[in-house]
Amino acid sequence: MRKRIVRIWDVPAGGLLPALITVASAFCIGGLAGMLLAAQVGGGGHDSLAAYIEGYLAAAKSGSVVLSPGLLSVLWESVRWPLFAFLMGFTALGVLGIPTLFAVRGFLLSFAVSSFVRMFGGTGGILAFFAVGITGLAAVPALFVLGVQSFAGARELAGRALSGKKGVFPFGRAYWVRCALCAGAVALSAVLEYWAVPALLCSVAGLF
């Protein structure tokens with residue numbers, strides 16, 4: 001069993017650690033940029049965002065609106081990031097595209113969380129957790145798994161393209177096992193986003 005688990009997490013050419021460092025660094029750089037930008041936003045932009053969130057919370061308190069998002073929008077929001085990471089693993093361009101993807105994702109998550117905290121203080125962290133943190137517990141690890149293996153594969157393909165060598169796609173059965181596990185995590189994230197998050201936001205709306 002242990003050997004089987006180890007084989008599942010093998011990536012080609014010993015590329016696990018360099019790929020992980022690359023995508024994690026891009027994610028952290030994007031996250032830092034999002035945090036800094038959220039700290040600098042002021043004036044009309046800050047007031048408009050605050051008014052929108054406060055109106056949303058007021059509606060949740062009164063129960064005057066249905067907060068459940070559309071199913072298709074939830075599916076797209078949940079699937080698009082891991083899908084892009086997955087697809088870019090089949091091309092040498094993923095060497096540039098995957099770090100960019102992670103930087104953008106880190107920026108958006110950090111900006112959202114930082115904006116909540118800036119507007120509402122410590123309780124804003126609670127709101128951010130219910131808004132993006134719950135689904136992120138499943139979606140972000142899946143994105144990292146896909147991103148790491150895709151970056152390792154893209155780097156292998158780029159090396160072959162530069163050297164003129166030919167070969168089969170550098171992943172085998174373990175690659176598809178990891179993809180299946182990530183697909184399950186993304187599906188769980190979509191289910192939570194559609195059914196659980198609106199109800200949980202309504203339950204904590206009274207704190208704000």
Side-chain angles (χ1 to χ4, degrees), residues 19-61 65 67-70 73-85 88 96-148 151 182 185-186 188-208:
L20 177 60
I21 291 174
T22 300
V23 300
S25 298
F27 189 85
C28 290
I29 291 171
L32 179 60
M35 183 176 63
L36 293 176
L37 181 60
Q40 297 299 320
V41 172
H46 178 272
D47 294 341
S48 297
L49 181 59
Y52 174 80
I53 295 177
E54 288 169 355
Y56 182 91
L57 293 173
K61 292 177 188 178
V65 296
L67 299 180
S68 296
S73 65
V74 168
L75 289 176
W76 175 241
E77 176 66 28
S78 301
V79 169
R80 59 180 177 174
W81 300 102
L83 178 62
F84 291 154
M88 282 190 286
L96 297 176
I98 292 172
T100 302
L101 177 74
F102 272 77
V104 173
R105 186 58 172 151
F107 173 85
L108 293 176
L109 286 175
S110 177
F111 182 80
V113 173
S114 299
S115 296
F116 284 133
V117 173
R118 186 184 179 194
M119 285 184 286
F120 300 106
T123 53
I126 300 175
L127 179 61
F129 174 75
F130 283 105
V132 298
I134 293 178
T135 56
L137 291 175
V140 172
L143 178 63
F144 265 84
V145 171
L146 290 173
V148 167
F151 183 82
C182 291
V186 171
L188 175 61
S189 174
V191 169
L192 292 174
E193 179 73 20
Y194 186 71
W195 278 292
V197 169
L200 291 172
L201 285 176
C202 287
S203 68
V204 301
L207 299 176
F208 302 91

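Treat the numbers as computed from the prediction; the structure is a model and nothing was measured.
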Looking at CD of Q40 and OG of S114, how far apart are the two atoms once the value is rounded to the nearest 0.5 Å? 12.0 Å
Between CZ of F111 and CG of L36, what distance do you get to the nearest 0.5 Å? 11.5 Å
Could you tell me the separation between the CH2 atom of W81 and the CG atom of L109, rounded to the nearest 0.5 Å? 8.0 Å
Ignoring hydrogens and geometry, is there a side-chain-to-backbone donor-acceptor pair from R118 to A38 under 3.5 Å? yes
Do V104 and F84 have side-chain heavy atoms sitting under 4.5 Å apart? no
Listed pairs under 3.5 Å, donor-acceptor, residues 140-147 side chains, sequence neighbours left out:
none

Give, for atom CE of M119 and atom CG of L127, the distance between the pair rounded to the nearest 0.5 Å. 8.5 Å
Pairs of donor and acceptor atoms involving the side chains of residues 19-33, under 3.5 Å and at least two apart or interchain, shall be tabulated with distances.
{"from": "T22", "atom 1": "OG1", "to": "P18", "atom 2": "O", "distance (Å)": "2.8"}
{"from": "S25", "atom 1": "OG", "to": "I21", "atom 2": "O", "distance (Å)": "2.6"}

Do the side chains of F107 and L37 get nearer than 4.5 Å, heavy atoms only? yes
M35 and S110 have their tightest heavy-atom pair at N-OG, 3.2 Å
What one should report as the nearest heavy-atom pair of A138 and L188 is CB-CD2, 4.3 Å
